[in-house]
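In what follows, a single structure is set out as C-alpha cells and then discussed.
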Amino acid sequence: MLDKNFDPKSFEDKFSFDIEASKRNPKGEPFMVLLPPPNVTGNLHIGHSLCYTLQDILARYKRLRGYDVLFQPGLDHAGIVTQLLVEKKLYSSGVERGSLTREKLLKEIWFWKENSGGMILKQMKKIGISCDFSRLRFTLDDKSKKAVTKMFVKLYNNGLLSRGQRMVNWDPLIGTAISDLEVIEKEVKGHLWHIKYFFEDDSGFIPVATSRPETLFGDVAVAVNPKDERYKHLVGKNVKIPLIDRLIPIIADKYADPKKGSGAVKITPAHDFNDFEVGKKHKLPVIDIFTPKAALNDTVPEMFRGMDRFEARNKVVELLEKMDLLVSVENVKQMLPFGDRSGVILEPRITYQWFVNAERLAKPAIKAVKDGKINFIPKHWENLYFEWLNNIRPWCVSRQIWWGHRIPAWYSSDGQVFVAETEEEARRQAIKFYGKNNVELTQDNDVLDTWFSSGMWPFVTLGWPEKNKDLSRYFSNMIVVTGFDIIFFWVARMIMMGIFALGKVPFKNVYIHGLVRDEKGNKMSKSKGNVIDPLTLCDQYGSDAVRYTLATLASPGRDLKMSSQLVETGRNFLTKLWNVVRFAQMNGCTYNQHFDINDVAHPINKWIIFEVKQMVRNVENALDNYRFDEAAKIIYQCLWNNFCDWYMEFIKPVLQQTSIDNSRVEGYNLSQTLLKKDVRDTVAWAIAQFIAVLYPITPFISKRLNGEFGIVDVKWPKIDDISGDYSESIKDVEILKEVITSVRSIRQFLRIPASEVLQAKLESQDIQVHDFIKDHRDIISRMCNVTFAETVEKSIPLVLNGAVLHVVIGDKVDIDSEIKRLTKESADCMKMRDAAMFRLNNTEFMKKASEEVVEEHKKRVSTLNSKIEKIEGVIRNLENVR
RNA sequence: GGACAUUUAGCUCAGCGGUAGAGCAUCACCUUCACACGGUGGGGGCCGCAGGUUCGAUCCCUGCAAUGUCCACCA
C-alpha cells in the first residue's frame, strides 16, 4: 500500500541508478542521444539539469516507442580549467609555483581526476539520467588519444592544419594562446592619452592618442590619413618616440581615421591586430616589448624592465606628465578583451601556433544545414550558425599548457617538423627526409584545444577510427540537445569534423534550449548570489518534480525563469498523482492485463478512455516535435482535470458500493457488480497510461507506482487498438458536467451552503439526454448535493445545451437579481450570436469562407438562439411572478 | 553599426486566420471518509503601437517602440 504521505525521498534513491533504464533494444531503429560531456571538474548546475533532463526524456520516450537508444555518457578533460584548478590546489598546499615538471604535474592531475573528478556523474544519476554508465568515456582516455592523434595527422596530411607565426589572443596569466571564441569583450572605463610626438628637428609635434601608452616602446610609425588636411604634409617626416627618442616615420594610411582620437595613430605591430596588418603592409619592423606574462622585456629602457604592463602604463604616464609630453587626457569607455577562463585582459601576441583551416571545413558544414540534412530546432538558430561559419577565421588549436592531447608533431634541431601518429613514424619520416641513419627529434610541447577532442565526440564515442557496428549504426542517427552558447564551440565543430572524418553528418537534429534564469529573469551568477542549485531542489521537492518543472518551462526559443515556487507546483502535481493511485488502490483497482478496452460499455468509462486516448496522441505529437512543455501540460490537464476532478468523482458511487449487487444497472445491460469490475479495470488502465506517458518525464514516481500497481513493465500506450464510437458517450458526459457545474454555480451565486440539499428537476426534449441524466442521478446528487423532485415551484431554471434544469430554492429566490443575472447571460449570448450572424449576412464571407466555417457559424447561431429563447422565456415567467 | 529573438490576465507563459487559454497569485465558500501539496465557484485581457493584406487579423506583411541576446568596431 502506498504511504499516505508522498515522500520522493522514500523511493528516488532506489531508482537513481537503474541499469534497466538504459537497456538497448537491438531490434529497434537506432537512435542516439549525444550527451554533451560535462567537464571533469564540473558540478551539476541548473543548466545541466535542463539539458540532461530534456535528453533523458527523449531517450526514455524513444525507448518506450521501441527504438534502440544509445545514450552514452562521458567526461571532458577541460584542459585549461582542470589544469588551473589542480595547480591552484597544489600551490595552496605549499608546492612552489612552477616547480613541477610536466610529468609530475600530469601525474598530479590524473590523481586528482581519479579521486575527485567526475562528481557530476553521481549528480546526474540523482536526477535520473538514464545513460549507459558502463560505456563511460573520457575525452583524454587511450581510445580518444588514438583518435585525436589520427585526426590531427589526417587534417595535416590534407593541408587543413598547419603551423604558422601569427598574431593570436594571448592569455598572460595562463601563458597560452586561446581561440577567438574564448575572448570575452567587456566594456571598461579607461583613458585616452594624447601624447606629443616631436619632430626629428624639434620644430613641433604631432599629437598621438592612445589608450595604451606603455606600448610606445614598440612603436614603429605614426599613421595619418592621406586625406587629412591637418597632417598630410607631414607624411615622410620622422618623429621621436617620447621617453626613448627612437625615430619613427609618419606614414599615410587609410586606416588612420581623422575622426578618431587625434587623427594620428601610433603603429605598434607586435601588440595590436590592426597595427600588425598596417605594419605588414608598410614593411615595418615588429618590436615585441612583452614577456609571455605581459611584463616588459629587455627591449625597453632598464627602469621599465620586468615591470607589469599596468604598472608600466602608470609609470609612462607619470613621466610623460613630468616632461610635459601630454596634450590632454580623455575619459573614455572602451571594449577590452578578457580571457573567459582567467578573467585577465588579453594581449595580442605574435607566436608560432597550429591553425586549422576552418574555412575549408566550414563549406560542407554550411551546405549540410542549407540542404536540410541537419535541422536546428528552433530553426532561427541556423542564422547564427551560418553567420559564424561564413566569417570563420583560422582556428588556433594549440595551447601552451600540459593537460590535454599533446600535439603529434616532432621537430628536428633545425626546426623541420614531422607530423605522425607515433614518434617512430615521425622518425622514419625524418630519416627519409634527411637521408641519415638517425635524427634527434623533440615533440611539440603544446597540447590541443579541448574543443578539438570535443568536436570529435560523436564518432570517438562510437569507437572511431575503428570501423565497427556501433559507428555505422548510430552515427548520423543522433540528436544533440544543447544551449545556444556552444553552437560555435561545439555543434559547428562536430559538424565540420564529422563530415571531414566520415563523409556524412553526425546528427540530424540539433535542439537548442534556452538559458535558465532566476525568477526575475536575471542570469544566475555566483556574484549575484541568485544561483538556484538543482540538487537542493531535488532534495526539497524530489528529482521528478524538478524534471517535470524543467520540462514545462522548456518552450522552444525562450529562456526559462526558474523558481522554487514552480517546482512546488510540479511537486503538487505528483502528489495528486500519488494520491489518486492510492485511492484507486484503496478501492481494489489493480492492473488487469486481460482487460479489453473495446468491451467497455458504460458511457462514463468510455468517456475517460477516449480522453486518455486523446491525451496519449497529443503527448506523442508533442514529444515527436520536441515540445516538452506541451507534453507535460497535456498530461497535467488530463490527469488532474478530466481524471481526478471529473472521472474519479463520477465513479465514486460505484466504487464505494460494498455488497454484491446483481441488479441491473439502469440503462445498461450489466449488473452493478460487473459495472464495478469494469470501473476498477478502467481506473487501473487509465492510471497505467498516465504512468507510462509520465515515465519519460518523471521516471522515479512512475517506477514506484508501477511496482505498487501490479504493472510488470512500463509500456507505451497502444492507442491504435482503441476503436469504436465514443461520440455519444462524450456528448452524454458533457451534459452531465454541465448540469453539475450549473448547480454548483447557482448555489454559490445564491450563497446556499453546500450542506443544504437542493431539489431539482430536469426537463429535456431530447430523450437521450433525459434518460442519461435520469440514469445518473446518483452522481449528480453526490456531486452537487441535490435530490430530484417533481415540483418546479419556487425554482429557478438553469438553461443548458438541450435541457433546462429547475432548481428549487424556495424563498431564497430574489427575483430581481435573478432577472438581472439571466439578462446578462442572454446579452452575452446575443453578442456572440450577432457576431456570427453578421458574418453570415456578409455576402463576401459566404462566398469566400470555407464550408466548414460557414457550417460552424450556422450551428453556433442556432444553438445560441435556442438558448437565448429559453432564457428570455424564463425571464418573462419571472416577470409575471413578480 | 549588423543580425536574431521577445512583447497576450497582477506574475510566468501557451495558443491560433473564424467565441482569448493554462499555471501561479487574487476573491468567496468548503476541514466532505484519495489529496488543504486539496475541493468548488468567481473576478481579471484595445493579444506593445501605427499602417497594410483579407469577407474576417492577437495570428500574415511593413514600419515603429521597448526589452534581451549574439556578432563586429573603437586611437
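Chain A is the first sequence line, chain B the second, and so forth, proteins listed ahead of strands; every chain is numbered from 1.
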Interatomic distance, Lys186(A) NZ vs rC71(B) P [rounded to whole Å]: 14 Å
Candidate nucleotides rA72(B), rG23(B), rC29(B), ranked by approach to the side chain of Arg393(A) - the nearest: rA72(B)
Touch class at under 4.0 angstrom, heavy-atom based, for Phe273(A) against every strand present: nothing
Sugar-phosphate, base or nothing in reach of Ala584(A), heavy atoms under 4.0 Å: nothing
Any side-chain heavy-atom pair of Val679(A) and Thr682(A) under 4.5 Å: no
rU62(B) versus rU54(B) - spacing of their C1' atoms, nearest Å: 16 Å
For nucleotides 51-60 of chain B, give me every protein contact, N/O to N/O, under 3.5 Å, one pair per line with atom names.
{"residue": "rC55(B)", "atom": "OP1", "partner": "Lys848(A)", "partner atom": "NZ", "Å": "2.1"}
{"residue": "rC55(B)", "atom": "O2'", "partner": "Asn842(A)", "partner atom": "ND2", "Å": "3.0"}

Integer angstrom distance from the C1' of rU8(B) to that of rA3(B): 26 Å
Short side-chain N/O contact from Lys561(A) to OP1 or OP2 of rC13(B), under 4.0 Å: yes
Got a list of protein N/O to nucleotides 65-69 of chain B N/O distances below 3.5 Å?
none

Residues, nucleotides or ligands: over 12 heavy atoms within 6.0 Å of Glu185(A) CD: yes
Aromatic plane relationship, Phe11(A) with Trp578(A) - under 30° parallel, 30 to 60° tilted, over 60° perpendicular: parallel
Note, Trp193(A) side chain near Leu320(A) side chain (heavy atom, < 4.5 Å): no
Touch class at under 4.0 angstrom, heavy-atom based, for Gln334(A) against every strand present: nothing
Rounded interatomic separation in angstrom, taking CG from Asp828(A) and P from rA20(B): 12 Å
Just the atom pairs and distances: protein N or O near nucleotides 1-3 of chain B's N or O, under 3.5 Å.
none

Inter- and intrachain pairs under side chain to side chain donor-acceptor pair (under 3.5 Å), touching residues 633-645 of chain A, at least two apart: Glu611(A)-Asn642(A)
For Asn618(A), side-chain hydrogen bond (donor to acceptor under 3.5 Å, both in side chains) partners two or more places apart: none
Nearest-nucleotide 5' precedence on RNA chain B, Pro258(A) against Leu181(A): Leu181(A)
Nearest-Å distance once atom P is located in both rU6(B) and rG15(B): 10 Å
Separation of the P atoms in rU32(B) and rA9(B), to the nearest angstrom: 38 Å
Close aromatic pair by centroid cut-off 6.0 Å: Trp381(A) and Tyr385(A): no
Spacing of Lys831(A) atom NZ relative to rU19(B) atom C1', expressed in whole Å: 11 Å
Any donor-acceptor N or O pair under 3.5 Å, side chains Asp629(A), Thr552(A): no
Gap in Å between the two C1' atoms, one belonging to rU58(B) and one to rC49(B), rounded: 14 Å
Spacing of Trp388(A) atom CH2 relative to rC71(B) atom C1', expressed in whole Å: 12 Å
For His194(A), ring-ring contact (aromatic ring centres under 6.0 Å, His included) partners two or more places apart: none
Salt bridge (charged side-chain N to carboxylate O under 4.0 Å, His left out) involving Arg313(A) - partner list, sequence neighbours excluded: Glu214(A)
Which pairs, protein N/O on one side and nucleotides 45-48 of chain B N/O on the other, fall under 3.5 Å?
none

Distance in angstrom units between Glu185(A) CD and rC71(B) C1', rounded: 10 Å
Structure string for RNA chain B in dot-bracket form, Watson-Crick and G-U at under 3.5 Å, | interchain: (((((((..((((....[..)))).(((((.......))))).....(((((..]....))))))))))))....
Atom-to-atom span, CG of Leu560(A) to P of rA5(B) - whole angstrom: 19 Å
Donor + acceptor pair across side chains of Thr268(A), Lys266(A) (<3.5 Å): yes
Distance in angstrom units between Leu389(A) CG and rC70(B) P, rounded: 18 Å
Gap between atoms CG and C1', on Asp629(A) and rG15(B) respectively (whole Å): 11 Å
Shortest side-chain distance from His857(A), nucleotide among rC13(B), rG18(B), rC29(B): rG18(B)
Glu738(A), CD: over 12 other non-hydrogen atoms inside 6.0 angstrom: yes
Parallel, tilted or perpendicular: rings of Tyr626(A) and Phe628(A) (30°, 60°): tilted
Nearest-nucleotide 5' precedence on RNA chain B, Arg212(A) against Gln637(A): Gln637(A)
Sugar-phosphate only, base, or nothing, as touched by Thr741(A) at under 4.0 Å among non-hydrogen atoms: sugar-phosphate
Distance between P atoms of rG63(B) and rG68(B) (Å, rounded): 22 Å
Test: Lys652(A) cationic atom under 6.0 Å from Phe583(A) six-membered ring centre, within 45° of axis: yes
side-chain hydrogen bond (donor to acceptor under 3.5 Å, both in side chains) partners of Arg860(A), counting only residues at least two apart: Glu856(A)
Side-chain heavy-atom pair Arg517(A), Leu560(A) within 4.5 angstrom cut-off: no
Short side-chain donor-acceptor distance under 3.5 Å, Glu519(A) and Gln565(A): no
Non-neighbouring partners of Asp539(A) that pass side-chain hydrogen bond (donor to acceptor under 3.5 Å, both in side chains), sequence neighbours left out: Lys126(A)
Whole-angstrom distance between rA25(B) and rG17(B), as gauged at atom C1': 33 Å
Which nucleotide in rC24(B), rC4(B), rC13(B) has an atom nearest any side-chain atom of Tyr636(A): rC24(B)
pair Tyr541(A)-Leu574(A): side-chain heavy atoms closer than 4.5 Å: no
Short N-O contact, Arg230(A) and Asp228(A), less than 4.0 angstrom: yes
Sugar-phosphate, base or nothing in reach of Arg558(A), heavy atoms under 4.0 Å: sugar-phosphate
Sugar-phosphate or base contact per nucleotide [nucleotides 34-39 of chain B; S, B, -; heavy atom under 4.0 Å]: BB-BSS
C1'-based separation of rU31(B) from rC46(B) [nearest Å]: 44 Å
CA sep, side-chain torsions, deciding dist, call: Lys824(A), Asp828(A), salt bridge (charged side-chain N to carboxylate O under 4.0 Å, His left out): CA-CA 6 Å; Lys824(A) 188 180 175 288; Asp828(A) 287 346; 3.5 Å; yes
